[in-house]
Amino acid sequence: MIHSRKSKAIGLFSGSLDSILAAKLLAEQGVAIVALNFKLPFPVPGRVPSDEYLQTMADLIGASLLSIQADESYLELIRNPEFGYIREMAPCIDCMGWMLRKARELMKEIKADFVFTGEVLGQQPFSQNKRSLKLLERISGLGSRLVRPLSAKILEPTLPELSGLIRRERLLDFHGGSRHQQMRLARELGIVDYPIPGAGCLLTDSNFAARCRDAVTHQELTWGEIEWLKYGRHFRLKSGARVIIGRNEKENKVLEDLARNNGLLFKPVEIQGPVAVLKTKKVTKKDMELAARMCARYCDNPKGKAVKILSGEKVFSCKAIKDEDLAEWRIVGGKDKGGRADKYKKNKNNGKEQK
């Protein structure tokens, strides 16, 4: 049965080429598109499309653009993902499921017919295989109302296809990690301005993930703390206090600004060097002295000489801390501090490993 009415759909719209193409394919079939963009807390600097760019791409497709800010429920899935971490601290299945559930709520609110994504079968081996795509249909509650236009022809027909809201023969059969098919299609459709493909989530970066993992362990992963995780060298003292030391002039300025409301700032006196910030619920003399000595370690001072470090109105005259102590306390990524498949949890619903 072919429907004559114009259908309406909501699509996840990150501004990536895949999301643009998926929306364009449906718009060309006469579907009214709502492009749903989520403002998530862990974007890679420089890889986040501007609001102006998103609007330009939505206009090109003929879509309405809607942006939604992530809330506390999103942070909770980072702390405790039901389906585990796909890479480092990135809970890709839980993240996608969260966005799809939000899209489903909106679909009902505006009386849209279905939800679509730019997912490509096999593009990501763990989160975009057939099993994962079926899992997302279930946990989102969308079932057969979830359409993947770029890979539709090699997936089971969805309700919008079976009911005639969209034509299956005008969808695609893309699969695998190569982006050549997408780039060729973009040229055919006159889409030339799009981001370079690649990871756009800080949670996949080993060093950032290590800091995030440490914050979760110490119950410190809050909205107010996320910015701290993006800058400096991070150290966890035996007391539980955290010390953050700037790596360059730009980071020093950011850390100084952040420390105005939260943290004790340490700065070298009469010598060049970074700033350090001590973050702790209970300030102790020992931790302050350690933070000053850690700051001294990165100053431009002759080896073994004492330097002056200022914190508030107090001046510490101290020698640099030993490198072996720093190595013990430093929060850093690496193969021994976080993997991929070993981070998976069991699916609480069916007791099977999500690999």
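Remember, it's a predicted structure, so these values are computed and weren't measured experimentally.
Residue E324 places its CD atom among more than 12 non-hydrogen atoms of other residues, nucleotides or ligands, all under 6.0 Å distant. Under a cut-off of 6.0 angstrom, the local environment of CD in E156 is sparse, with at most 12 non-hydrogen atoms contributed by other residues, nucleotides or ligands. Around the NZ atom of K130, the shell of radius 6.0 Å holds no more than 12 heavy atoms that belong to other residues, nucleotides or ligands. Heavy-atom neighbours of E188 CD from other residues, nucleotides or ligands within 6.0 Å: above the threshold of 12. Summarising the local packing, CD of E72 is surrounded by more than 12 heavy atoms from other residues, nucleotides or ligands at distances under 6.0 Å.
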Apply side chain to side chain donor-acceptor pair (under 3.5 Å) to residues D287 and S239 and explain how you reach the verdict. CA-CA 8 Å; D287 283 347; S239 66; 2.7 Å; yes
Would you please test L264 and K279 for side chain to side chain contact (heavy atoms under 4.5 Å, CB included) and show each step? CA-CA 7 Å; L264 292 176; K279 290 179 62 60; over 6 Å; no
With side chain to side chain contact (heavy atoms under 4.5 Å, CB included) as the criterion, how do E52 and Q55 come out once you've worked through the C-alpha distance, each side chain's angles and the decisive distance to 0.1 Å? CA-CA 5 Å; E52 182 181 6; Q55 187 61 62; 5.9 Å; no
Are L290 and V243 close enough, and set up right, to give a side chain to side chain contact (heavy atoms under 4.5 Å, CB included), and what steps lead you there? CA-CA 9 Å; L290 284 174; V243 176; over 6 Å; no
Pair S132-N129, side chain to side chain donor-acceptor pair (under 3.5 Å): steps then yes or no: CA-CA 5 Å; S132 295; N129 55 52; 3.0 Å; yes
Derivation of the side chain to side chain contact (heavy atoms under 4.5 Å, CB included) call for H175 and Q123: CA-CA 6 Å; H175 64 279; Q123 189 173 90; over 6 Å; no
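Between C295 and P274 the shortest heavy-atom distance is SG-O, 3.3 Å. Of all heavy-atom pairs spanning S144 and L159, the tightest one is OG-N, 2.8 Å. The minimum heavy-atom distance linking I93 with L136 is given by the pair O-CD2, 3.6 Å. Residue G273 comes nearest to N252 through the heavy atom pair O-ND2, 4.2 Å, listed as atom of the first residue, atom of the second, then distance. Across C299 and I309, no two heavy atoms sit closer than the pair SG-CD1, 4.2 Å. What you find for K267 and L265 is that their closest heavy atoms are CD-CD2, 3.8 Å.
Of the inter-residue distances, the one linking L258 atom CG with E256 atom CD reads 10.5 Å to the nearest 0.5 angstrom. For the atom pair CZ (R236) and CZ (R330), the distance works out to 15.0 Å, reported to the nearest 0.5 Å. To the nearest 0.5 angstrom, S19 atom OG is 13.5 Å from K24 atom NZ. Atoms CG and CD, from D71 and E76 in turn, are 11.5 Å apart once rounded to the nearest 0.5 Å. A distance of 13.5 Å separates OG1 of T117 from CD1 of I10, quoted to the nearest 0.5 Å. Note that OG of S127 and CG of L133 are 8.5 Å apart. Values are rounded to the nearest 0.5 Å.
Here the side chains of F316 and R293 are not in contact, with every heavy-atom distance at 4.5 Å or above. Contact check for L162 versus R168: no side-chain heavy atoms found under the 4.5 Å cut-off. Residues L172 and L185 have side chains in contact (heavy-atom distance under 4.5 Å, counting atoms from C-beta outward). Residues K305 and K319 fail the side-chain proximity criterion, which asks for heavy atoms closer than 4.5 Å. For the pair M89/V216, a side-chain contact is recorded, criterion being any heavy-atom separation below 4.5 Å from C-beta on. Using a 4.5 Å heavy-atom cutoff, the side chains of V192 and R187 are not in contact. Looking only at side-chain heavy atoms (C-beta outward), L75 and I226 come within less than 4.5 Å of each other.
Judged by distance alone, the side chain of D94 and the main-chain N or O of F83 form a donor-acceptor pair under 3.5 Å. Using modelled atom types, one side-chain atom of Y53 and one backbone atom of D193 make a donor-acceptor pair closer than 3.5 Å. Put simply, the side chain of Q69 never gets that close to the backbone of F38: no donor and acceptor are under 3.5 Å apart. Although no hydrogens or angles enter the test, the distance criterion places a donor-acceptor pair under 3.5 Å between the side chain of D113 and the main chain of K8. Here the side chain of S151 pairs no donor or acceptor atom with the backbone of D173 at under 3.5 angstrom. Between the side chain of H234 and the main chain of W228, a donor-acceptor pair closer than 3.5 Å is present. At distances below 3.5 Å, not a single donor-acceptor pair connects side-chain atoms of R242 with backbone N or O atoms of V277.
A salt bridge between D323 and R297 is present, with a side-chain N of the basic residue lying under 4.0 Å from a carboxylate O of the acidic one. Using a cutoff of 4.0 Å between basic side-chain nitrogens and carboxylate oxygens, E227 and K230 are scored as salt-bridged. Using a cut-off of 4.0 Å between Lys/Arg side-chain N and Asp/Glu carboxylate O, R213 and E88 are scored as salt-bridged. Between D51 and K39 a salt bridge is recorded (basic side-chain N to carboxylate O distance below 4.0 Å). Looking at K153 and E169, no side-chain N of the basic residue comes within less than 4.0 Å of a carboxylate O on the acidic one, giving no salt bridge. Between E137 and R145 no salt bridge is recorded (no basic side-chain N to carboxylate O distance below 4.0 Å). Between R79 and E220 there is no salt bridge, since no side-chain nitrogen of the basic residue lies less than 4.0 Å from a carboxylate oxygen of the acidic one. Under a 4.0 Å N-O distance rule, the pair E28/R170 does not qualify as a salt bridge.
Hydrophobic clustering (side-chain heavy atoms under 4.5 Å, transitive across Ile, Leu, Val, Met, Phe, Trp, Tyr) keeps L189 apart from F116. Both V283 and F266 belong to a common hydrophobic cluster when Ile, Leu, Val, Met, Phe, Trp and Tyr are linked at side-chain heavy-atom distances under 4.5 angstrom. Cluster annotation: L25 and V31 are assigned to distinct hydrophobic clusters (Ile/Leu/Val/Met/Phe/Trp/Tyr, side-chain heavy-atom contacts under 4.5 Å, transitive). By the criterion of side-chain heavy atoms lying less than 4.5 angstrom apart, applied directly or through intervening Ile, Leu, Val, Met, Phe, Trp or Tyr residues, Y74 is grouped together with I139 in one hydrophobic cluster. Hydrophobic clustering of Ile, Leu, Val, Met, Phe, Trp and Tyr side chains at less than 4.5 Å, counting indirect connections, unites Y85 with F42.
Partner F174 forms a side chain to side chain contact (heavy atoms under 4.5 Å, CB included) with one of I154, L150, L121 and no other, that one being L150. Between E119 and the options Q124, Q128, R148, a side-chain hydrogen bond (donor to acceptor under 3.5 Å, both in side chains) holds for only R148. The residue from E105, K111, R104 that alone fulfils the side chain to side chain contact (heavy atoms under 4.5 Å, CB included) condition with K108 is R104.
The cationic group of R131 does not satisfy the cation-pi geometry with F126, failing either the under 6.0 Å distance to the six-membered ring centre or the 45° limit from the ring axis.
In this structure, F235 and Y298 have tilted ring planes: the angle between them lies in the 30° to 60° band.
Between the side chains of T217 and D214, no donor-acceptor pair is found at a separation under 3.5 Å. Of the N and O atoms on the side chains of T158 and E161, at least one donor lies less than 3.5 Å from an acceptor on the other residue.
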